[in-house]
Participant: 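Before we start, here is the structure in question, set down as structure tokens.
In this chain, numbering begins with 1 at the start of the sequence shown. First listed ligand is number 1; within each ligand, the first listed atom is number 1.
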Amino acid sequence: MAIDKSKVVIEINDLKKYFPVKSSSFFGKNKMWVKANDGVSLKIYKGETVGLVGESGCGKSTLGRTILKLLEPTDGQILFNGNDITHMKQRHIRPMRTDMQIIFQDPYSSLDPKMTVGQIIGEALTEHNIYKKGQELEDYIISVMNKCGLDDYMIHRYPHQFSGGQRQRIGIARSLALNPDFIVCDEAVSALDVSIQSQVLNLLMDLKDDNDLTYLFISHDLSVVKHISDRIGVMYLGDLVELAPSNDIYVDPKHPYTKALLSAIPTSDVEKQKKRIILPGGIPSNVFPPSGCKFHTRCPLATEKCKQEVPEWREVAEDHFVSCHFYEKTKTMGN
Ligand code: SF4
């Protein structure tokens with residue numbers, strides 16, 4: 001399905017999600033916060049797949065869950081199909097839940113081991129009164145299972161009787177059964193072997209075309225999102241630092257962090273291996289993030305200005321956004 005830029009499925013504006021940290025002071029006056037998302041803005045259009053990448057702990061999974069209101073936002077705005085759901089109570093969100101789904105990373109822990117595949121896929125359908133228990137429901141479940149590459153006879157089996165790839169297909173079928181508009185795929189293939197990863201990625205792409213879906217595809221692995229994403233966003237320490245069409249991210253990364261992530265993709269090319277950019281240190285605490293540009297403690301291009309001033313989020317080429325004072329110098333890195 002082509003991307004329809006006239007229809008915005010998800011719009012988030014300056015979205016923040018902070019988690020409180022236990023205060024060490026007796027009266028709890030100096031309350032501290034883990035700033036998991038620190039003011040993220042993004043639009044996702046109908047039929048689009050936006051990939052979201054970054055190291056573990058950068059806030060990408062929290063962002064996916066906050067967009068779906070599985071976590072309450074601290075500040076900012078979330079619009080779903082034009083409806084402001086930011087402060088909507090869960091009982092009002094509930095009817096919309098069928099339209100917004102999530103596929104989790106670990107297909108085993110996200111499936112109830114005591115339920116059969118049929119029960120797992122059918123549970124939300126009966127809860128939302130889409131189907132009553134009976135033959136019609138069973139026929140529908142089987143049709144969704146078949147779409148996801150699962151055979152009819154598997155309907156009575158339990159999760160432990162399946163391989164990792166098949167379990168992820170069950171998770172996908174559970175989400176798809178509700179006929180959603182939008183799915184957050186949260187590290188949906190990360191737990192799978194590489195050969196199974198590509199099968200599940202192909203399935204997700206086919207289902208997207210057949211069912212007019214829109215995805216937010218979260219992964220720590222840039223080589224995985226490449227194949228599935230129309231645009232890619234790169235997150236660092238709770239912020240979106242770069243957003244561009246998928247090909248542009250790979251061919252012409254503008255942010256030093258993106259360039260370093262790309263250089264770390266395993267390759268058999270010896271020349272590319274030599275150009276790997278090793279970032280010093282680990283990710284700083286997002287309770288006390290660095291001043292100015294949060295990446296300055298690890299950035300090979302950092303200057304005094306980077307320590308003082310937060311870089312502006314700006315469009316530096318068509319549909320290519322970045323927050324870096326010296327993005328023009330990124331191409332010199334690793335040369
Ligand atoms: Fe590096 Fe400075 Fe750009 Fe931040 S603003 S990414 S520290 S060059």
Participant: Cut-off 3.5 Å, no hydrogens considered: what does the side-chain donor-acceptor table look like for residues 281-292, sequence neighbours left out?
Facilitator:
unit_1: Ser285; atom_1: OG; unit_2: Val287; atom_2: N; d: 2.9
unit_1: Ser285; atom_1: OG; unit_2: Phe288; atom_2: N; d: 3.2
unit_1: Ser291; atom_1: OG; unit_2: Lys307; atom_2: O; d: 2.7

Participant: Could you report the tightest heavy-atom contact between Lys132 and Thr126, atom names first, then the distance?
Facilitator: C-CG2, 4.4 Å
Participant: Is it possible for you to say whether Ile93 and Leu68 belong to one hydrophobic cluster, with membership spreading through side-chain heavy-atom contacts below 4.5 Å?
Facilitator: yes
Participant: Pairs in or reaching into residues 290-315: which pass ring-ring contact (aromatic ring centres under 6.0 Å, His included), with residues at least two apart or in two chains?
Facilitator: Tyr236-Phe295, His255-Phe295, Tyr257-Phe295, Trp313-Phe321
Participant: Considering only heavy atoms of His255, which atoms of ligand 1 have at least one such atom less than 4.0 Å away?
Facilitator: 6 (S)
Participant: Please indicate whether His128 has more than 12 foreign heavy atoms, meaning atoms of other residues, nucleotides or ligands, lying under 6.0 Å from its NE2.
Facilitator: yes
Participant: With sequence neighbours excluded, give me every salt bridge (charged side-chain N to carboxylate O under 4.0 Å, His left out) pair touching residues 283-303.
Facilitator: Asp38-Lys294, Glu55-Arg298, Asp239-Lys294
Participant: For a distance under 2.8 Å, give residue and atom name for each protein N, O or S atom next to atom 2 (Fe) of ligand 1.
Facilitator: Cys306 SG
